[in-house]
Amino acid sequence: VLVRVINSGGWHRDRDRQPRHRPPGGPKPSLKSKASRGSILADRAATAVLWGTGAFVLLILGGIIVHFALAAWGVVSPSFVLSDPSDTALGGILPVLWNSIYMLVLTMLIAVPVGILGGIYMSEYAGENAMTSAIRFAEEAISSVPSIVVGLFGLILFVDDFHWGFTALGGALALTFFNLPLMTRLSEQALRAVPQEERSASLALGATKWQTIRHVVLPLAIPGLITGVILTAGRVFGEAAVLLFTSGIGTPPHYDFANLDLTNPASPWSPLRPATTLSVYIYKLNSEGLGIFKNQIVDGSAAILISMVLIFNLGARLIGRVLTRRLTAA
Amino acid sequence: MIFIVVLLLASSPGRASSSSSRTASRSGQILSPTWQPDSTSPPTSFGLLPFIAGTVYVTGVALLISTPLSVGLALFLSEVAPQWARAIVQPALEIFVGIPSVVWGWLGITILVPFLSDTFHSDLVLSLPIVGDIFTRAGLPDRVLLAGGLAGPVDHDPADHHQRLLRRVPCGPAGAAHRLARPGHDALADHPPPSDPVRAPGVLTAVVLGMTRAAGEALAVQMVIGNSPTLPAAITQPVTTLTSQITLDMGNTVFGEPWQDALWTMSLVLLLHLDHVGRARSGHQQRRMAS
């Protein structure tokens with residue numbers, strides 16, 4: 001991306017081109033007669049500034065990616081990804097990376113069905129009544145609650161009231177609360193994008209409402225639904241504030257992946273154990289890490305986090321495109 | 001289902017407020033500027049003013065930086081950029097939005113804070129974090145307005161929001177300006193978004209959204225802000241915010257002691273403030289739709 005920006009030094013030359021929205025067919029306007037010299041200058045300046053903001057985003061993003069690529073060079077290696085943290089040597093991040101993935105899967109297992117069902121309700125069943133506006137208000141309210149407060153809520157409910165202590169399950173549930181509005185909204189949008197004619201046709205053939213949803217609407221909405229799932233997943237993967245006080249911030253022990261006993265808190269497969277994730281680990285290292293390798297570890301972890309964000313984003317885009325093409329071609 | 005979550009969330013302020021009323025009755029000093037929570041060095045004082053002022057201050061400065069950038073970006077994407085440029089910038093923005101806040105915090109503390117203390121020839125590295133914070137969250141283009149832009153429902157991504165609102169401007173003003181055949185962006189000059197009645201409500205909504213994101217951001221801020229519980233005086237001084245103090249202290253305090261009660265009060269303040277803002281926002285949207 002960065003290379004394209006640099007190579008396209010001609011960006012600012014575009015600024016004299018005609019406006020896109022000029023109604024076609026009309027006589028070509030004479031610039032000299034209608035616009036004063038000053039306003040042409042102002043116009044060019046405005047255009048240049050606006051192009052500048054666009055280029056700025058690309059530069060910063062490119063800069064961040066290059067920065068982490070350089071910083072992580074020599075840090076990220078198979079052994080970094082696959083070994084335990086260490087106080088004395090350049091430790092690895094295996095347990096926290098495992099926890100991030102574990103937490104992601106656990107959260108999505110809860111959030112995806114609820115979110116999609118909620119989306120189906122909002123798109124297919126909800127009328128314009130008090131209930132609907134109450135739900136919309138709730139969606140807005142939850143999504144304006146700061147993530148740290150959602151984390152505190154998890155602390156009260158799961159850690160204290162349920163006496164679970166810091167657990168992966170508590171963290172996943174708090175993450176679900178936090179992301180449910182997003183997931184529901186994305187699903188609703190995906191379902192609403194299905195043309196009304198498809199529903200009418202199905203209903204006219206005698207299908208019930210549920211059959212219509214199940215066999216007509218849902219398949220057509222799949223690209224949008226998958227994009228929604230992946231975007232939510234990206235956010236869940238990077239979230240830290242919600243998890244500080246729900247799934248814990250302790251340095252994870254050595255995990256024995258052969259221990260498949262789900263009720264044993266020592267098993268890495270158990271949901272009822274503390275689970276420090278990669279983002280939380282970055283925060284933890286920054287606030288209390290004193291080791292000489294702290295900076296390298298954080299740089300490496302951040303590089304992995306950013307790569308995952310990139311993968312989630314590009315993946316959502318790619319899968320959405322492929323599925324749309326396949327479904328619309330069929 | 002969503003209702004259950006709402007009910008659960010609604011129970012949380014109740015719990016917090018029972019703690020906070022305890023604090024209030026115990027100290028009665030919520031609006032005092034002195035924060036001395038440690039009972040081993042009396043007299044203790046639980047003034048929340050530094051945190052509230054810090055939050056307002058940081059949010060304000062961050063918005064000052066990020067709003068022009070965001071509006072510019074939205075204008076660029078909706079009015080200026082040709083298709084190919086939009087196809088590059090739009091996905092880049094989405095990735096931007098997806099970068100986790102701890103990563104922003106780390107960038108702030110490793111790049112911006114040292115850079116700023118060099119630039120301003122300050123001896124105190126910690127004297128500049130607030131600027132670092134502002135850059136972390138805002139200067140990197142509209143971190144604030146975009147902050148977790150996907151954090152809200154997607155159509156609440158503020159830059160996206162801006163952009164869509166601009167796209168939605170009917171043929172009216174923009175079209176008319178174009179028909180007058182002023183070159184390019186006189187249309188913008190004649191109808192700058194903040195003063196254009198068609199666009200202003202939407203831009204305002206986006207700014208309010210950015211505000212809730214900025215005020216609610218916890219980790220990135222905590223990492224760079226210096227966490228000094230004093231009233232903000234200069235932009236180059238360390239301050240603290242509600243979110244960052246909660247983040248720092250909640251794990252180190254014991255449930256039921258006044259110190260932690262004060263933290264619960266902070267989260268209540270945060271919750272009520274943002275709820276208020278959110279309500280203003282939805283009211284605003286309704287008005288917009290009605291008009």
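As the structure is a prediction and not an experimental result, all values here were calculated from the model. Note: hydrogens, waters and symmetry copies are ignored here, and every other heavy atom, side chains too, is used. Sequence lines set the chain letters: A, B, ... in the order given, protein chains first and strands last, and positions in each chain run from 1.
- Side-chain contact between A:Ile148 and B:Leu270 is present, with heavy atoms from C-beta onward closer than 4.5 Å.
- Checked against ring-ring contact (aromatic ring centres under 6.0 Å, His included), A:Phe237 has the following partners two or more places apart in sequence or in another chain: A:Phe312.
- Proximity of A:Val149 to B:Ile246: side-chain heavy atoms (C-beta onward) are nowhere separated by under 4.5 Å.
- Among A:Leu244, A:Asp299, A:Ile249, the residue with the largest count of heavy-atom pairs under 4.5 Å with chain B is A:Asp299.
- The nearest pair of heavy atoms linking A:Ala302 to B:Val103 is CB-CG2, 4.2 Å.
- Taking the side chain as every heavy atom from C-beta outward, B:Val102 and A:Asn286 never approach each other to under 4.5 Å.
- To the nearest 0.5 angstrom, A:Phe68 atom CZ is 4.0 Å from B:Leu107 atom CG.
- Note: A:Val298 leads A:Asn295, A:Val298, A:Leu155 in heavy-atom pairs under 4.5 Å with chain B.
- Atom CG of B:Leu219 is separated from atom CD of A:Glu239 by 7.5 Å, given to the nearest 0.5 angstrom.
- The line from CD1 of B:Ile99 to CG of A:Leu305 is 9.5 Å long, rounded to the nearest 0.5 Å.
- The line from CH2 of B:Trp106 to OG of A:Ser301 is 9.5 Å long, rounded to the nearest 0.5 Å.
- Using a 4.5 Å cut-off between heavy atoms, A:Arg317 contacts chain B through its side chain alone, with no backbone atom that close.
- Residues A:Gly238 and B:Pro100 come closest through the heavy atom pair O-CB, 3.4 Å.
- Between the OG atom in B:Ser101 and the CD1 atom in A:Ile282 there is a gap of 10.0 Å [rounded to 0.5 Å].
- No side-chain heavy atom of A:Phe56 sits less than 4.5 Å from a side-chain heavy atom of B:Val89.
- Smallest separation of non-hydrogen atoms from A:Leu152 and B:Ser267: CD1-CB, 3.4 Å.
- A:Thr246 is linked by a side-chain contact (heavy atoms from CB on, under 4.5 Å) to A:Ala174, A:Leu243, counting only residues two or more places apart in sequence or in another chain.
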